[in-house]
J.: 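Take a look at the following structure, please.
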Amino acid sequence: MTAPPPPRRLSRDELPHETLALARALIGKTLVHDLPEGRLSVRIVETEAYPVGDAAGHAFIGQTRRNATLFRDFGHAYVYLGYGVSWLLNVSSETHGVGAGVLIRAGEPIEGVDEMIRRRGRARLVELTSGPGKLAMAMGVDKRLDGADFFAGGPLWLGEAVRPRGEIGVSVRIGITKDADRPLRFYERANPFVSGPRKLNR
DNA sequence: AGTGCGATTGACT
DNA sequence: GTCAATCGCACTA
C-alpha cells in the first residue's frame with residue numbers, strides 16, 4: 001500500500017472570503033487534522049453558507065461569547081455544540097467584525113480511516129462523516145479547536161483538492177427554521193457521503 | 001435561578 | 001417514518 005500524496009496547504013488568499021463563494025469553493029477541498037495518532041483527512045463534499053444578516057445564523061443576534069469566532073477574520077474554526085450532543089465545525093468568512101461562516105456538513109474519508117472508525121464506533125464507511133456531527137467526531141474536532149486558524153500552520157488546515165470535483169448541487173439548508181427557503185446548501189451530486197434525504201441530493 | 005431551544009444523531013416502530 | 005437524549009447558551013426575572 002502506498003500512502004496518497006499529501007495535499008498542499010492552501011493559503012488564506014487561495015479561497016474566496018465571501019461566504020457563498022466560499023461554501024461553493026470548499027466542495028472538493030481537503031480538510032486535514034494532524035494528530036499524534038496520525039493524519040485524519042476528508043474530501044469536503046457538503047457545506048452550508050450562513051451569510052451576513054441571515055436569521056438562521058448564530059451571528060444574527062450579535063456577537064456573544066459563544067459565536068465570537070464567527071466575527072473573526074476569514075479562516076478561523078468556529079466550533080460549537082449542537083443539540084447538546086454533537087460538535088459542529090465552521091469556517092469563519094468575510095472580515096474581522098463581520099459575523100458569518102460556512103458549516104462543513106460532510107466529507108469523504110481519505111486518510112486515517114481506521115482511526116475514524118475507532119472514534120466513531122462505527123465500521124461502515126458511509127456512517128463515518130456523512131453529517132456535521134459525525135464529521136467532527138471522526139476528525140477529532142471539539143471545542144478545543146474553536147478559534148483555531150486554518151492558515152497559520154496549525155494541526156487543523158485546509159488543503160488543495162485531491163481530485164477533480166463533480167457537479168455541484170444546491171438546496172435549502174437542513175434542520176433550520178428561520179430563513180429556511182434560501183438555497184445556501186452546496187454538495188457534490190451523487191456522492192454517497194453527502195448527508196440528508198436523497199431527494200435533496202439530486 | 002429558571003426556562004426554552006436548537007446549523008443532530010441514533011435507536012426504534 | 002417518529003422521537004428521545006442532552007447541555008451550553010441566551011434570555012427573563
Side-chain angles (χ1 to χ4, degrees), chain A residues 18-27 31 42 44-72 74-94 98-109 116-148 150 156 168-188 192-201:
Chain A
E18 191 276 320
T19 309
L20 268 69
L22 174 65
R24 197 178 267 279
L26 282 175
I27 303 297
L31 172 68
V42 298
I44 297 170
V45 301
E46 179 183 354
T47 63
E48 280 178 359
Y50 289 86
V52 182
D54 170 27
H58 287 181
F60 188 69
I61 59 173
Q63 185 172 336
T64 66
R65 190 164 66 234
R66 177 209 205 188
N67 67 24
T69 305
L70 280 178
F71 289 81
R72 297 184 69 176
F74 170 74
H76 291 83
Y78 170 50
V79 182
Y80 74 95
L81 186 63
Y83 290 95
V85 174
S86 310
W87 297 107
L88 279 71
L89 172 66
N90 301 253
V91 182
S92 70
S93 59
E94 310 294 340
V98 177
V102 172
L103 172 67
I104 302 180
R105 284 196 57 93
E108 175 181 336
M116 292 184 190
I117 290 172
R118 193 187 69 73
R119 288 172 178 271
R120 288 280 296 126
R122 296 275 183 290
R124 292 179 52 194
L125 276 188
V126 75
E127 294 181 3
L128 294 182
T129 54
S130 57
K134 302 176 195 177
L135 174 81
M137 183 184 290
M139 289 291 290
V141 169
D142 62 24
K143 188 67 181 176
R144 290 171 295 183
L145 284 164
D146 183 45
F150 283 103
L156 184 67
I168 292 182
V170 181
S171 82
V172 297
R173 294 169 293 181
I174 294 177
I176 60 166
T177 54
K178 296 170 242 177
D179 270 351
D181 295 332
R182 303 179 69 184
L184 297 178
R185 171 173 174 261
F186 303 88
Y187 55 95
E188 186 175 46
F193 295 94
V194 171
S195 78
R198 183 172 291 280
K199 67 171 183 175
L200 272 181
N201 297 340

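Lettering follows sequence order; numbering is per chain, from 1.
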J.: Of all the base pairs, Watson-Crick or G-U under 3.5 Å, which form stems of three or more consecutive pairs involving DNA chain B?
T.: B:1-6 with C:7-12, B:8-12 with C:1-5
J.: Using the 3.5 Å cut-off, write out each protein N or O paired with an N or O of nucleotides 6-13 of chain C and the distance between them.
T.:
from	atom 1	to	atom 2	distance (Å)
C:dT6	O2	A:Tyr83	O	2.4
C:dA10	OP1	A:Thr64	OG1	2.1

J.: For A:Ser86 and A:Gly82, indicate whether the former's side chain and the latter's backbone hold a donor-acceptor pair under 3.5 Å.
T.: no
J.: So what does A:Arg185 hit on the nucleic acid, given a heavy-atom distance under 4.0 Å: a base, only sugar-phosphate, or nothing?
T.: nothing
J.: Working to the nearest 0.5 angstrom, can you tell me the gap between A:Leu103 CG and A:Arg185 CZ?
T.: 10.5 Å
J.: Which two nucleotides bound the region of DNA chain B that has atoms under 4.0 Å from heavy atoms of chain A, read 5' to 3'?
T.: B:dG6 to B:dA11
J.: Going by number, which of residues 127-136 of chain A have a non-hydrogen atom under 4.0 Å from DNA chain B?
T.: A:Gly131, A:Pro132, A:Gly133, A:Lys134
J.: Output the residues of residues 47-56 of chain A in contact with DNA chain B, where contact means a heavy atom of the residue under 4.0 Å from an atom of the strand; sort by number or write none.
T.: A:Tyr50, A:Ala56
J.: With A:Arg124, which residues qualify under side chain to side chain donor-acceptor pair (under 3.5 Å), at least two apart?
T.: A:Glu127
J.: Heavy-atom nearest nucleotide on DNA chain B for A:Met137 versus A:Val102: which residue maps closer to 5'?
T.: A:Val102
J.: By the 4.0 Å heavy-atom rule, please label A:Leu103 as base, sugar-phosphate, or nothing.
T.: base
J.: Describe the nucleic acid contact of A:Gly175 in one word from base, sugar-phosphate, nothing, applying a heavy-atom distance below 4.0 Å.
T.: sugar-phosphate
